[in-house]
Every structure is written in C-alpha cells, then in structure tokens.
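I have placed the structure first, in the form of structure tokens, so that the comments after it can refer back to it.
Counting convention: from 1, in listed order, for ligands and their atoms alike. Predicted model, so just to flag it, every value in this text is computed and none were measured.
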Amino acid sequence: MTSSDSPDCLFCKIVAGEIPADVVESSDTAIAFRDIAPKAPVHVLVAPKEHYPDVPAFAASDPEGLASVIALADGVASELGDGQYRLIFNTGPKAGQTIFHVHAHLLAGGELPGFA
Ligand code: AMP
Ligand code: ZN
C-alpha cells in the first residue's frame, strides 16, 4: 500500500508535505519528525513513507523497511542525544495507538522513567 492509498491519514500527509512537521531526518523509505506533544527531551516519531496500519502489518509485508526505520531512529538518537534510547510501537487503541500509520516513538535525552 502506498501513501496515496490513504488520503485521510495524517502521517501520509506529513510524508507528502501537505501538513508541516519538524522533520529531523529522512531516508528514501522513512521519515523522522518531532512529536507535537513531547514526552521526553528528545521525542521523535519515525515512520515509513509507505502506509501500514501497525508494526505487525509492516513487519510482515516489508521486514527490510522495518529495519530501515530502526536504523533511522538509531541515527537520530546519536544526532540528537547520546545514542541511548527507548523505541516504542504502540499497537492497538488499548496500547495507546491513536494514529494508524505505523510509527516508532524514539524517546531519549536524560534518564527515562522505568516501567512499573
Ligand atoms: P500514537 O498514540 O502511538 O498513535 O502516537 C501518535 C503521536 O503522534 C502522539 O504522540 C501525538 O502527540 C503525535 N502527533 C499527533 N499529531 C501530530 C503532528 N501533526 N505532528 C507531530 N506529531 C503528532
Ligand atoms: Zn498513512
């Protein structure tokens, strides 16, 4: 599925440049932009340019694409921080997913809170 297959998707519109975003890095296949409501000193969203609803669908269809999203996130974490980070893919509404274009939350910068 390509970006143009999901005309109502917010992140497809960011990929297409139709909605502004604070883009920090991009590759041929993925884009990294700052979260509009940051939860950590560095809070960047890393998404494939193609539309997949969530990470299992993305992994099943394009495992190399998933690897490239992780590589882009790793590079951004070194650029904007010290290379230590947390990567989160919220999957499903109960897990907090609100935008159904797969994206990793890259959280970094300082001491991150532990899980209970
Ligand atoms: P999730 O809840 O895992 O689907 O993550 C969606 C994230 O997108 C949230 O952390 C929002 O703050 C963020 N977000 C929503 N709209 C925008 C936008 N226009 N630009 C950047 N981040 C956004
Ligand atoms: Zn999309």
Side-chain angles (χ1 to χ4, degrees):
M1 194 181 288
T2 63
S3 301
S4 58
D5 291 321
S6 297
D8 295 331
C9 171
L10 176 66
F11 286 1
C12 283
K13 288 180 178 163
I14 287 176
V15 167
E18 293 166 13
I19 286 180
D22 188 352
V23 176
V24 294
E25 196 64 75
S26 69
S27 69
D28 286 350
T29 57
I31 186 169
F33 53 96
R34 290 187 192 272
D35 196 293
I36 206 165
K39 305 286 194 299
V42 174
H43 187 173
V44 170
L45 303 176
V46 188
K49 291 182 174 176
E50 288 204 10
H51 182 94
Y52 296 96
D54 55 26
V55 71
F58 184 32
S61 293
D62 186 5
E64 287 182 14
L66 177 56
S68 75
V69 161
I70 292 170
L72 188 62
D74 188 71
V76 170
S78 293
E79 258 175 56
L80 302 183
D82 65 1
Q84 300 180 60
Y85 56 89
R86 183 174 294 160
L87 213 51
I88 297 172
F89 290 90
N90 292 330
T91 305
K94 287 184 190 166
Q97 187 176 7
T98 58
I99 295 182
F100 290 82
H101 178 130
V102 60
H103 53 281
H105 292 257
L106 168 64
L107 302 170
E111 201 77 24
L112 297 172
F115 289 108

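Nearest N/O/S atom of H101 with respect to the Zn ion (ligand 2) is recorded as ND1. Within H51, the N, O or S atom at minimum distance from the Zn ion (ligand 2) carries the name ND1.
Considering only heavy atoms from C-beta on, L10 stays 4.5 Å or farther from H101 through its side chain. The shortest distance between side-chain heavy atoms of P48 and D62 does not fall below 4.5 Å. No side-chain heavy atom of V44 sits under 4.5 Å from any side-chain heavy atom of E79.
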Distances only, to 0.1 Å: what are the N or O pairs between ligand 1 and the protein that fall under 3.5 Å?
from	atom 1	to	atom 2	distance (Å)
ligand 1	2 (O)	G96	O	2.7
ligand 1	2 (O)	T98	N	3.3
ligand 1	2 (O)	T98	OG1	2.9
ligand 1	3 (O)	N90	ND2	2.9
ligand 1	3 (O)	H103	NE2	3.1
ligand 1	3 (O)	H105	NE2	2.8
ligand 1	4 (O)	T98	N	2.7
ligand 1	4 (O)	T98	OG1	3.2
ligand 1	4 (O)	I99	N	2.9
ligand 1	4 (O)	H103	NE2	3.2
ligand 1	5 (O)	H103	NE2	2.9
ligand 1	5 (O)	H105	NE2	3.2
ligand 1	10 (O)	D35	OD1	3.3
ligand 1	10 (O)	D35	OD2	2.5
ligand 1	12 (O)	D35	OD1	2.6
ligand 1	22 (N)	I36	N	3.2

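Closest heavy-atom contact between A40 and L112: CB-CD2, 4.1 Å. Scanning both residues, V69 and A30, for their nearest heavy atoms gives CG2-CB, 4.1 Å.
Listed by chain and residue number, nothing satisfies the side-chain contact (heavy atoms from CB on, under 4.5 Å) test with E111 (two or more places apart in sequence, or in another chain).
Taking the six-membered ring wherever Trp is involved, the centroid distance between the rings of H103 and H105 falls below 6.0 Å.
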